[in-house]
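Report on the structure given below.
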Amino acid sequence: MGKWETEAVFQSGAVPCTFDGVIQGWLANWLAILIPKTNGNEPESVRIRSNKGPKKGSPTNSKLPPVCYEIITLKTKKKKKMAAEIFPTKKPATAASASTTTVQQYQQQNLNNNNTIQGCNWQGLYPTIRERNSVMFNNELMADVHFVVGPPGGTQRLPGHRYVLAVGSSVFHAMFYGELAEDKDEIRIPDVEPASFLAMLRYIYCDEIDLCADTVLATLYAAKKYIVPHLARACVNFLETSLSAKNACVLLSQSCLFEEPDLTQRCWEVIDAQAELALRSEGFCDIDAQTLESILLRETLNAKELVVFEAALSWAEAECQRRELPPSIDNKRKVLGKAVYLIRVPTMALDDFANGAAQSGVLTLTETNDIFLWYTAAKKPELQFASEPRKGLSPQRCHRFQSCAYRSNQWRYRGRCDSIQFAVDKRVFIAGFGLYGSSCGSADNTFPVWFEYPVQIEPDTFYTASVVLDGNELSYFGQEGMTEVQCGRVTFQFQCSSDSTNGTGVQGGQIPELIFYA
C-alpha cells in the first residue's frame, strides 16, 4: 500500500475585488491546523508537513488515518450584484445634492464645535426640515440648554435644543416638558462618554447613525438611558455583525447588563462553538464575576477542562489587579471564591491534572489528594468539584452526495486541488470536512478531518473549501450531488469553484461532507 503525504492549511486572505459577473472577496486571515481522526479506511501512514513542529507528547511516526489532505483556502465570495450597483452612473450636481454636501460640511464643523453659520438667510439653503435640523446639530445657534458630558477631567460642554431633543426622546421630553421638568440651563451627565452622546445627538438631529467599534457599547448605553430604541437596535445589530470569539465574552456580559436576549443568545453560540478561542481571548479577563460563573457553569462548552481551568486563573489574576491586590496564589483563590468548584477538575485527563491543576497551587493539598484518589482508587472520595464531563456540542454533518463509486484508474491524486463553494442561511461553525478514503478501504463511511478551531461562517456569503490529496492510491468519489441540502435549521447551497483542478464539482468528486456546529 502506498504512502500518502499531506500538508494541512486553512486560510482566507483579503484580495482586491474584481468584477466578472460576480464580486469576489475574501474575509480576514484564518489559519488552522487539521487534526485527522481515523475510522479504518485510510492508507497505512499519513505524514503531516507543517511549519510548526510536532505537538508536545505526540509520536512522530505514529500510524495515522487514510487519505492525505491539504486545506488550502476558505474564501468568501459575495452574492451577485447588478452592474448599476457596482458602477453607479455619475449624475450631474443638482441643488439637492449641493445642499446635502453643504449640510455634511456644517455637520463636520459642528462636530468640531465650529458653529459659525455664514449668511443671515441660511434656512433658504436647505429644502427639507431634516437638512435644517441637521444644521442645528451641536450648534450654539438658538441653543436653550447645555450638557456637560463625561467623567470629571474628561468633560465636554455640548449645546442642545429642547424641542428637538424632546421630539427624539421620551426621557428628554419628560426632562424639559414633563410635570417634574427641570429649569436648569446646564445639565451634567457624568456617566456617558462625550463621543457616544454626540452619536446619539447626531441620530436625533440628523437621522443618521454613525457607529464604530470603539464607542458602540457606550452609544448603546446612551440610547438605552434616553430611550432611543431605533438607535439601540442599530447598536445591537452592529455588535452582532462584529461578534467573534475574541469579543464574545465581553459582549455576553454587556448584553446581560443591557437586557438584550437576542445578543446574549448570539454570544452563547459563539462561546459554545469556539470555546477555547473565547476563553483564551483578552476580553475573557475583563468580564465580571457573575458572567464568569455563568460560563463555568455552561454544559455545552466545547473545550478541554484544562483550558477552562487556565482561563479561570487568568481571570483571577486580572481581578486581583482590579482590586489592587498582589496576584498571589492565595489572592487568586480568594477572588475566585466558590466559582473554583464550577471547574470540572476531575474530568481532566490525568496528565493534564498532574502537570497542570495539581501544580498550580490554587488547589489545597486535601483537594489535590482527593482528586488523585478519584482517578485511581476503587472507593472514590466525595468531591466539591463537579465530576460529570461537559456534554459539549454534537457536530452535525451536511452530506452533499447521494451515492459514491469507485472505478479503476479514474480518480487519482497528484497534488491537485479539489474545491467546492458553499453558502448557508444561518451562522454556523465549520469544524472540519469529511473525505473519502482510499480505494483499499470501505466505501461506506468517510473519515473526518478536524480543524484545530471551528471557523465562523456568516450567512449569505459563499465560501470556498479546498482540499489537496497526494498519493499513489485511487479514491472513492461522490455522485449525484445536490445544489441545496437542508440540515436541521440550516440550508446549505453549493456551486462549482474555479479553484478545483482535480474534477470536484457540485455533481461529483471529493469533500462529500461539511462538519459543523449550529
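Values below: every heavy atom of this structure, side chains too, minus hydrogens, waters and symmetry copies. Keep in mind that what you see is a predicted model, and the values were worked out from it rather than measured.
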Exercise for the section: Any chance you could lay out the side chain to side chain contact (heavy atoms under 4.5 Å, CB included) test for S134 and F137, step after step, and finish with the verdict? Expected result: CA-CA 5 Å; S134 297; F137 166 59; 5.6 Å; no
Practice task
Flag yes if more than 12 heavy atoms outside Y163 fall under 6.0 Å of its OH atom; otherwise flag no.
Solution key: no
Problem - Heavy-atom check, side chain of Q456 versus side chain of V270, under 4.5 Å - result: yes
Exercise for the section: Could you check if a side-chain atom of I189 sits within less than 4.5 angstrom of a side-chain atom of V148, using non-hydrogen atoms only? Expected result: no
Practice task
State, with a plain yes or no, whether a side-chain heavy atom of F516 is found less than 4.5 Å away from one of P454.
Solution key: no
Exercise for the section: Check whether any side-chain heavy atom of K426 lies under 4.5 Å from a side-chain heavy atom of P459, and answer yes or no. Expected result: no
Handout entry: Within 45° cone of Y341 ring axis and under 6.0 Å: R333 NZ or CZ
Key = yes
Problem - Verdict with reasoning, F309 to S360, per side chain to side chain contact (heavy atoms under 4.5 Å, CB included) - result: CA-CA 10 Å; F309 181 83; S360 67; 3.4 Å; yes
Practice task
Could you label the plane-to-plane angle of the F258 and Y221 rings as parallel, tilted or perpendicular, counting under 30° as parallel and over 60° as perpendicular?
Solution key: tilted
Handout entry: F451 and F433 aromatic ring geometry - parallel, tilted or perpendicular at 30°/60° bounds
Key = perpendicular
Practice task
Over all heavy atoms of both residues, which pair between I295 and L301 is shortest? Give the atoms and the distance, please.
Solution key: O-CD1, 3.3 Å
Practice task
Can you measure from CG (L263) to OG (S255) and round to the nearest 0.5 angstrom?
Solution key: 4.5 Å
Problem - CD on Q290 to OG on S253, rounded to 0.5 Å - result: 8.5 Å
Practice task
Run the ring-centre check on F372 versus F353 and record whether the distance is less than 6.0 Å.
Solution key: yes
Fill in the blank from the handout: Here the pair of heavy atoms bringing L306 nearest to G356 is CD1-CA, 4.5 Å
Fill in the blank from the handout: For A358 and T368, the nearest pair of non-hydrogen atoms, with its separation, is CB-CG2, 4.0 Å
Problem - N/O donor-acceptor pair under 3.5 Å between R266 side chain and P261 backbone - result: no
Problem - Distance, nearest 0.5 Å, that separates CG of L342 from CG of L296 - result: 5.5 Å
Fill in the blank from the handout: Applied to residues 212-230, the salt bridge (charged side-chain N to carboxylate O under 4.0 Å, His left out) test, sequence neighbours excluded, yields D191-K225, K224-E260
Exercise for the section: Could you grab the distance from atom CG of D330 to atom NZ of K332, nearest 0.5 Å is fine? Expected result: 11.0 Å
Exercise for the section: Examine the side chains of H161 and Y205 and answer whether a donor and an acceptor come within less than 3.5 Å of each other. Expected result: yes
Completion exercise
Of all heavy-atom pairs linking P395 and I515, the shortest is CB-CG2, 3.8 Å
Problem - Main-chain N/O of G168 paired to Y203 side chain as donor or acceptor, under 3.5 Å - result: no
Problem - Neighbour count >12 (heavy atoms, 6.0 Å) for atom NZ, K380 - result: yes
Problem - Heavy-atom side-chain contact between D185 and H146 under 4.5 Å - result: no
Exercise for the section: Verify the neighbour count for atom CD of E484: are there more than 12 heavy atoms of other residues, nucleotides or ligands below 6.0 Å? Expected result: yes
Exercise for the section: Determine yes or no for a side-chain-to-main-chain donor-acceptor pair under 3.5 angstrom, with R157 supplying the side chain and F147 the backbone. Expected result: no
Practice task
Taking only Lys NZ, Arg NE, NH1 and NH2, and the carboxylate oxygens of Asp or Glu, determine whether E240 and R233 approach each other closer than 4.0 Å.
Solution key: yes
Problem - Side-chain heavy-atom pair D425, R489 within 4.5 angstrom cut-off - result: no
Handout entry: Test item: L239 and L220 side chains (from C-beta on) under 4.5 Å apart, heavy atoms
Key = yes
Practice task
Please assess D262 against V236 for the test side chain to side chain contact (heavy atoms under 4.5 Å, CB included), listing each intermediate value before the final yes or no.
Solution key: CA-CA 9 Å; D262 291 341; V236 171; 5.7 Å; no
Handout entry: Backbone of N331 reached by a side-chain donor or acceptor of S328 within 3.5 Å
Key = yes
Problem - Residue pairs, two or more places apart or on separate chains, that pass salt bridge (charged side-chain N to carboxylate O under 4.0 Å, His left out) and touch residues 287-304 - result: D272-R298, E299-R344
Problem - Greater than 12 external heavy atoms within 6.0 Å of R188's CZ - result: no
Exercise for the section: Using modelled atom types only, decide if a donor and an acceptor are shared between the side chain of S387 and the backbone of L383 within a distance under 3.5 Å. Expected result: no
Practice task
Starting from the C-alpha separation in whole Å, work towards a yes-or-no answer on side chain to side chain contact (heavy atoms under 4.5 Å, CB included) for Y226 and F197.
Solution key: CA-CA 10 Å; Y226 292 99; F197 196 79; 4.1 Å; yes
Exercise for the section: On the 0 to 90° scale, with breaks at 30° and 60°, tag the Y177-H173 ring pair as parallel, tilted or perpendicular. Expected result: tilted
Fill in the blank from the handout: One should read off an interatomic distance between L393 CG and E269 CD, to the nearest 0.5 angstrom, of 10.0 Å
Exercise for the section: Could you give me the CA-CA distance, side-chain angles and deciding distance for R390 and E305, then say whether salt bridge (charged side-chain N to carboxylate O under 4.0 Å, His left out) is met? Expected result: CA-CA 9 Å; R390 300 179 195 272; E305 205 62 31; 2.9 Å; yes
Problem - Exercise: identify the closest heavy-atom pair between F385 and I343 - result: CD2-O, 3.4 Å
Problem - Counterpart residues, side-chain hydrogen bond (donor to acceptor under 3.5 Å, both in side chains), relative to Q486 (two or more places apart) - result: T491
Fill in the blank from the handout: One should read off an interatomic distance between T291 OG1 and D286 CG, to the nearest 0.5 angstrom, of 11.5 Å
Problem - Exam field: side chain S169 to backbone A166, donor-acceptor pair closer than 3.5 Å - result: no
Exercise for the section: Check P194 against Q156 and note the closest heavy-atom contact, atom names and distance. Expected result: CB-OE1, 3.4 Å
Practice task
Using modelled atom types only, decide if a donor and an acceptor are shared between the side chain of N355 and the backbone of D351 within a distance under 3.5 Å.
Solution key: yes
Problem - Backbone of F238 reached by a side-chain donor or acceptor of T241 within 3.5 Å - result: yes
Handout entry: Non-hydrogen side-chain atoms of C487 and C398 separated by less than 4.5 Å
Key = yes
